[in-house]
Number of protein chains: 2
Amino acid sequence: MKMRLDNRKMQILRAIIDDYILNAVPVGSRTISKHPGIGLSSATIRNEMADLEELGYLEQPHLSAGRIPSDKAFRLYVDDLMSNADLNPEEIRAANNYLSMKRGGIEAVVRQTAIALSDLTDYTSMVLSPQLRGIRLRHIQIVPLRELTAIVIIVTDAGITKNAFIRTPYNMDAELLDRISRRLTAQLYDCRVVDIDTNKVMESLYEFGNNVDFFKALINGIESNLEEGSKHIELSGAGNILSHPEYNDVERAKHILSVIEEQESLYRVLRDATKMEFTITIGAENENPGMRGCSIVTATYHMKGKPIGSMGVIGPTRMNYAKVLAILRYMGSCLSETLTSMLEEDS
Amino acid sequence: MKMRLDNRKMQILRAIIDDYILNAVPVGSRTISKHPGIGLSSATIRNEMADLEELGYLEQPHLSAGRIPSDKAFRLYVDDLMSNADLNPEEIRAANNYLSMKRGGIEAVVRQTAIALSDLTDYTSMVLSPQLRGIRLRHIQIVPLRELTAIVIIVTDAGITKNAFIRTPYNMDAELLDRISRRLTAQLYDCRVVDIDTNKVMESLYEFGNNVDFFKALINGIESNLEEGSKHIELSGAGNILSHPEYNDVERAKHILSVIEEQESLYRVLRDATKMEFTITIGAENENPGMRGCSIVTATYHMKGKPIGSMGVIGPTRMNYAKVLAILRYMGSCLSETLTSMLEEDS
DNA sequence: ATTAGCACTCGAGGTGATTGAGTGCTAACA
DNA sequence: TGTTAGCACTCAATCACCTCGAGTGCTAAT
C-alpha cells in the first residue's frame, strides 16, 4: 500500500513543525490533537504520525518521547507549508532605529545591518561586504612609496578605494608615475572590470617606455583587485547561538563557533547566495559538514538594482524561517536603498 | 597581633596559585603539604591558609572545600611571585608557522597574529590595528566622485591608505582638485599629524580661490583621519572561552561573548595599553563591569621602534599569566619585526 | 475511518544514603 | 613557641532508587 502525503498529513506536519519551532521540544500526539483547526483525537494523530515517520518526515529521539521534524520536513515546510510572516510595526521601528545612524560610510552601514539582523532575529548574522565586480572605475593613482615600490590606489564610483603594492622596474619618480596614473585614469574611466581591454591599455602606455612586464603587472593588479571584491564578512551575535537549547551542549556550541569564526566557508556560502534573491539551506544540505545541524537563510542586497552582496542568518534547523525571511527581506531592501542613495546624495 | 606575609606564606600562596591555575579546582591543605619544596604537614598549611584568608588572599567557596586565590592574590602573584616562562622550541615552531604566510598586507598579518595568539594560548585574543599617529604622510589625492562630492585619499609611509568623503563648495573639476592635491602633497610630505601647521597650509592654498571653509574642512579631514587611527580590532578564538570550566555556565559565557563582540570597550583597553610595554588587568581591576571575572593581558608592538599598537589575551582570572606573557612577548616582537620589514623591503 | 482504552516505555526529577575531600580545633610534642 | 597528629564536623558530589507523567503502539468498539 502506497502512502501519500495527503492534505491532512500536511496539516498535521505543519502543526508539528510550528509547535517545534516554538518550543524546541519533541511534540506529542495530544498536543496536536488539541491544536485549533485539527479536530482529531490523539489516537488518530498517532497513526498519522507513524505514517509521517515512515515517510521520513518525523523522527523519534526515543520511544516514549514525541516526534521532531526531520530536515526533510523542514524542507517541505519552507517550500510549501510555511505561511509567510510580515514584520509588525514595532519590529519595523526597531529595525529603522538600528539603521538611522548611517554616518561613516559603507562599512559602518554594513556593520549596523549585521547588528540589527542578529538583534532582531536572535540568531547569528552575517553580512558580506559589497562586491565590486560591476562597479565602475573613477580614478587610478600610483604613488611611489620607497625604493622600487609604489602603491596603486583605485577609486570606484561606489566611493570604495582599494590599494595594492607594486614593484617598479627602476626608481620611477612621482612625476612619471603621476603621468602614468593620468593616462590610466583616462583610459579606464567608467570601465567595469569586464570592460578592461588589456591590449588597448598596454598600447596607450607605450610612450612611457618599454616596461611591458611592469605595465602588465599593473593592469593585472587593477583587474584582480577589482575582481576579487572584498571578502570581508561582518558578523554579529555569535553569542546568540548559546541562547538556543540545541546548543546547550558546550561542545557543540564551541564547534559551531569555530566554524563561524573561520569565515572562509561562510564567505563561500554568501558569495554563492548572491546569485539568488533568497536561499534557505537546512541542516545536512550544508556543504560544510560543521554546519550540518544548522540552517542558513540568506537574502541578496542591491546597489542601483544590481545584486552586489548578500546577508544571512545562522541558526538551528528549527529556526523561525518565516520571521527570519521577513526580517531579511526588510533589511535587504533597507540596505539596498541606503547603499544606492549613498551613491547619489551627499555623504 | 599583626600578621605579615612572611616568606613561608608567600611560598604557600604561590603553590596554591600554581595549582589552581593548572586545575581550576579549589585547592586543599593536603595537596599543598605534598607539594615538593614545602616540607610541612597539612595541619600547618591549614593554619597558614587561615591566615592568608584573613589577609584577603584566599577565599573559600564553602566551608568544606579548599581555597581559591582572590584577585588580590593574583595581583601579588604576577607582581612578585611568578617565575617567568619561556616558550619551548615546539611552541616557537608553531608560532612561526602561523606567521610564515605574510602575504597580503598589514591586515592579513594582524589577522594571522590574532589567530596564532588564540591558538597558542587557548584563550580569546585580540589585536589592535596599527595606529597611524606618528606615521608620515606620503601622498594626498582628491578625486571628484559626483556632483559636489569628492573623495580624499591619504597615503602614509606605512603603505596604509585611508579615505574620506568631502563636500566641495562648487563642482570642482578633476584638474583643479589634482592641482590642490599636488600642493597639499608638497606641503605635507613627510609630515606627521602633529607636525601639520593648519595656518601655513591654508596660506599655501590661497591661490586656489577663496574657499576657506572647504580648505579648512579638507585639512581637518586629513588630520582627524590620521589621528583617529584605525579602530579595527582583530578578534580570534572567541569560542575558546567555552573551553574553560569557569564558563561552563552558559549565561556567563553568553555575557562575556556579548561584551567581547561589542568591541568598543576592548578598543579602549588596547588603546590605553599601547602606552605600556605589557599590562595585566585582573578581574575586578577591569573598568568594564562586564569584564570583571576575566583577566586581560596585553603587549605592545612597534614599527621602526615606536609603539603603534597592542595585542591582548582575554581569559579567566586564573589564566596562565607566565605562559601568556611569554607568548605575547614573542608574538609582539614577531609582529613588530614583520611590520617594520614590510616598510623596508618589497611586499 | 475514527476513537477510546489499556499496557508499556523511558526520561526527568526527587529523595536519601554514602563518600571523600576538606576544614577547625585541641592536645601532645620537639 | 612553632609544628604536628588526631578527631569531629561540614558539605558538594555521586549514585541508587523511586515516582511521575508524557508519550507510544495496539486492539477492539463505534
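Naming: A, B, ... by sequence-line order, numbering from 1 per chain.
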Undergrad: Within the side chain of B:Asn88, is there an N or O that forms a donor-acceptor pair under 3.5 Å with the backbone of B:Glu90?
TA: yes
Undergrad: Between protein and nucleotides 15-19 of chain D, what N or O pairs are separated by less than 3.5 Å?
TA:
none

Undergrad: Going by an N to O cut-off under 4.0 Å, is there a salt bridge joining B:Glu285 and B:Arg75?
TA: yes
Undergrad: Could you state the atom-to-atom distance from CD of B:Gln60 to P of C:dG24 in whole Å?
TA: 6 Å
Undergrad: If you measure from CE on A:Met126 to CD on A:Gln263, what distance do you get to the nearest 0.5 Å?
TA: 10.5 Å
Undergrad: Without swapping roles, check the side chain of A:Thr317 against the backbone of A:Cys294 for a donor-acceptor pair under 3.5 Å.
TA: no
Undergrad: Under a 4.5 Å cut-off applied to non-hydrogen side-chain atoms, are B:Lys254 and A:Ser243 in contact?
TA: yes
Undergrad: Measure the spacing between OG1 of B:Thr298 and CE of B:Met311 and express it to the nearest 0.5 Å.
TA: 10.0 Å
Undergrad: Need the bend value for the helix from C:dA1-D:dT30 to C:dA30-D:dT1: angle between end axes, 5 pairs each end, nearest 10°.
TA: 20°
Undergrad: Treating primed atoms plus P, OP1 and OP2 as sugar-phosphate and everything else as base, which nucleotides of nucleotides 2-13 of chain C get B, S or - for protein heavy atoms under 4.0 Å?
TA: SBBB---BBS--
Undergrad: Check the distance between D:dT24's P and A:Ile68's CD1 and give it to me in whole angstrom.
TA: 13 Å
Undergrad: Report the distance from atom CG of A:Asp19 to atom P of D:dG23, rounded to the nearest whole Å.
TA: 10 Å
Undergrad: With a 3.5 Å cut-off and sequence neighbours excluded, list the donor-acceptor pairs that the side chains of residues 27-37 of chain A form with protein atoms.
TA:
from: A:Ser29; atom 1: OG; to: A:Arg46; atom 2: NH1; distance (Å): 3.2
from: A:Ser33; atom 1: OG; to: A:Arg30; atom 2: O; distance (Å): 3.1

Undergrad: Who are the ring-ring contact (aromatic ring centres under 6.0 Å, His included) partners of A:Tyr77, not counting sequence neighbours?
TA: none
Undergrad: Starting from P on C:dT23, measure out to CD1 on B:Ile32 and report it in whole angstrom.
TA: 10 Å
Undergrad: Can you name the side chain to side chain contact (heavy atoms under 4.5 Å, CB included) partners of B:Asp6, sequence neighbours left out?
TA: B:Arg8, B:Lys9
Undergrad: Starting from P on C:dG24, measure out to CE on B:Met49 and report it in whole angstrom.
TA: 9 Å
Undergrad: CG of A:Leu52 versus P of D:dT24: gap in Å, rounded?
TA: 12 Å
Undergrad: Whole Å only: how far is the CG atom of B:Asp51 from the C1' atom of C:dC25?
TA: 14 Å
Undergrad: If you compare every side-chain N and O of B:Arg67 against the phosphate oxygens of C:dA21 (OP1, OP2), does one of them come in below 4.0 Å?
TA: no
Undergrad: For the side chain of A:Glu261 and the backbone of B:Ala238, is there at least one donor-acceptor N/O pair under 3.5 Å apart?
TA: yes
Undergrad: Only one of B:Leu13, B:Ile17, B:Ile68 passes side chain to side chain contact (heavy atoms under 4.5 Å, CB included) with B:Leu58; say which it is.
TA: B:Leu13
Undergrad: What's the CD-P distance between B:Glu53 and C:dT23, to the nearest Å?
TA: 10 Å
